[in-house]
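Presented below is the structure to which this report refers.
For clarity, every value in this text was computed on a predicted model and none was experimentally measured.
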Amino acid sequence: MNQSIIPLILQRIMAAVAVVFGIVTIIAGSRVLTGTDPGYAVFQPLLVYNTLMGVAYIAGGLMIWRNIRRGKYVAASIFTLNLIVLGGIAYLYFVSGGVAVDSLRAMTLRTVVWLVLLLGSMWLGRGKV
């Protein structure tokens, strides 16, 4: 396989992961917002944040698809926001138990996914300022 096509394929895979992750996030969040019981106590601000971030995930994926240089900045922004929120809900979880452990796990997953997308976009976009 031509080595110049491999980075493009990786870029497309990363973009697809971001878009699919965003769609799944919106669907899951919308279901709970419209009354589906997830089986644990819901921290409403986190639910709204995650549902809205699903749109940002799709936008980030589209940006990664179109322009890896700009995509890495979007991925960095999303990762940073998710990390801040993860820190906040971890604090709430350990101090007051006001957040379900499932929410903490899900936010950790979101943060790790965007860390991987950020690192991948930085690697693919290296040398592209």
Side-chain angles (χ1 to χ4, degrees):
M1 181 177 279
N2 187 346
Q3 285 192 355
S4 64
I5 195 75
I6 293 172
L8 181 60
I9 291 171
L10 292 174
Q11 179 180 346
R12 298 297 192 239
I13 290 170
M14 288 173 27
V17 166
V19 169
V20 169
F21 199 64
I23 291 168
V24 170
T25 298
I26 291 169
I27 291 170
S30 297
R31 290 184 68 210
V32 175
L33 284 170
T34 58
T36 302
D37 182 9
Y40 54 87
V42 174
F43 184 57
Q44 195 73 14
L46 180 62
L47 174 61
V48 172
Y49 168 82
N50 282 331
T51 305
L52 293 174
M53 285 303 288
V55 176
Y57 297 170
I58 293 170
L62 294 174
M63 185 58 69
I64 290 170
W65 181 281
R66 292 185 61 196
N67 185 320
I68 195 67
R69 181 179 57 87
R70 290 183 181 156
K72 67 183 172 185
Y73 295 116
V74 174
S77 298
I78 292 171
F79 167 71
T80 301
L81 288 171
N82 282 351
L83 186 62
I84 291 167
V85 170
L86 176 59
I89 66 167
Y91 174 79
L92 290 174
Y93 175 77
F94 289 111
V95 170
S96 68
V99 176
V101 70
D102 295 309
S103 295
L104 192 58
R105 288 180 186 140
M107 197 67 224
T108 300
L109 173 66
R110 287 177 174 87
T111 305
V112 168
V113 165
W114 280 96
L115 174 60
V116 170
L117 291 172
L118 169 60
L119 294 173
S121 63
M122 289 172 64
W123 181 73
L124 288 174
R126 65 192 180 281
K128 298 178 184 178
V129 179

State the [atom1]-[atom2] distance between [X] and [Y], to the nearest 0.5 angstrom.
{"X": "Met53", "Y": "Leu81", "atom1": "CE", "atom2": "CG", "result": "5.0 Å"}
{"X": "Leu124", "Y": "Leu119", "atom1": "CG", "atom2": "CG", "result": "11.0 Å"}
{"X": "Leu10", "Y": "Ile5", "atom1": "CG", "atom2": "CD1", "result": "10.5 Å"}
{"X": "Met14", "Y": "Ile64", "atom1": "CE", "atom2": "CD1", "result": "5.0 Å"}
{"X": "Leu117", "Y": "Phe21", "atom1": "CG", "atom2": "CZ", "result": "9.0 Å"}
{"X": "Ile23", "Y": "Ile27", "atom1": "CD1", "atom2": "CD1", "result": "7.0 Å"}

Is Arg12 atom CZ crowded by more than 12 heavy atoms from other residues, nucleotides or ligands, each under 6.0 Å away?
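Yes, the 6.0 Å shell around CZ holds more than 12 heavy atoms from other groups.
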Within the supplied structure, the quantity of interest is the number of heavy atoms (other residues, nucleotides, ligands) at a distance under 6.0 Å from Tyr91 OH; does it exceed 12?
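It does not: Tyr91 OH has 12 such atoms or fewer within range.
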Give the minimum heavy-atom separation between [X] and [Y], together with the two atoms involved.
{"X": "Ala41", "Y": "Ala100", "result": "O-CB, 3.6 Å"}
{"X": "Ser121", "Y": "Leu118", "result": "OG-O, 2.9 Å"}
{"X": "Met63", "Y": "Arg70", "result": "SD-CB, 3.6 Å"}
{"X": "Gly98", "Y": "Phe43", "result": "O-CD1, 4.1 Å"}

I'd like to know if [Y] and [X] are part of one continuous hydrophobic network [Ile/Leu/Val/Met/Phe/Trp/Tyr, side-chain heavy atoms within less than 4.5 Å].
{"X": "Ile78", "Y": "Leu83", "answer": "yes"}
{"X": "Val42", "Y": "Val101", "answer": "no"}
{"X": "Val32", "Y": "Val48", "answer": "yes"}
{"X": "Phe94", "Y": "Leu46", "answer": "yes"}
{"X": "Ile6", "Y": "Met122", "answer": "yes"}

Could you list the residues that satisfy side-chain hydrogen bond (donor to acceptor under 3.5 Å, both in side chains) with Tyr93, not counting sequence neighbours?
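None.
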Hey, does Ile58 have a side-chain heavy atom less than 4.5 Å from the side chain of Ile26?
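In short, these two side chains touch, coming nearer than 4.5 Å.
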Flag, side chain of Arg31 to backbone of Ala28, donor-acceptor distance under 3.5 Å
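Flag not set: sc Arg31 to bb Ala28 has no pair under 3.5 Å.
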Without placing hydrogens or testing angles, list every side-chain donor-acceptor pair under 3.5 Å for residues 103-115, not counting sequence neighbours.
from   : atom 1 : to     : atom 2 : distance (Å)
Thr108 : OG1    : Leu104 : O      : 2.8
Arg110 : NH1    : Ala106 : O      : 3.4
Thr111 : OG1    : Met107 : O      : 2.8

Could you walk me through whether Asn82 and Tyr49 pass the side-chain hydrogen bond (donor to acceptor under 3.5 Å, both in side chains) test, one step at a time?
CA-CA 10 Å; Asn82 282 351; Tyr49 168 82; 2.7 Å; yes
For Asn50 and Tyr57, which I'm curious about, is there any donor-acceptor pair between the side chains at under 3.5 Å?
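On atom types as modelled, these side chains do not qualify, holding no pair under 3.5 Å.
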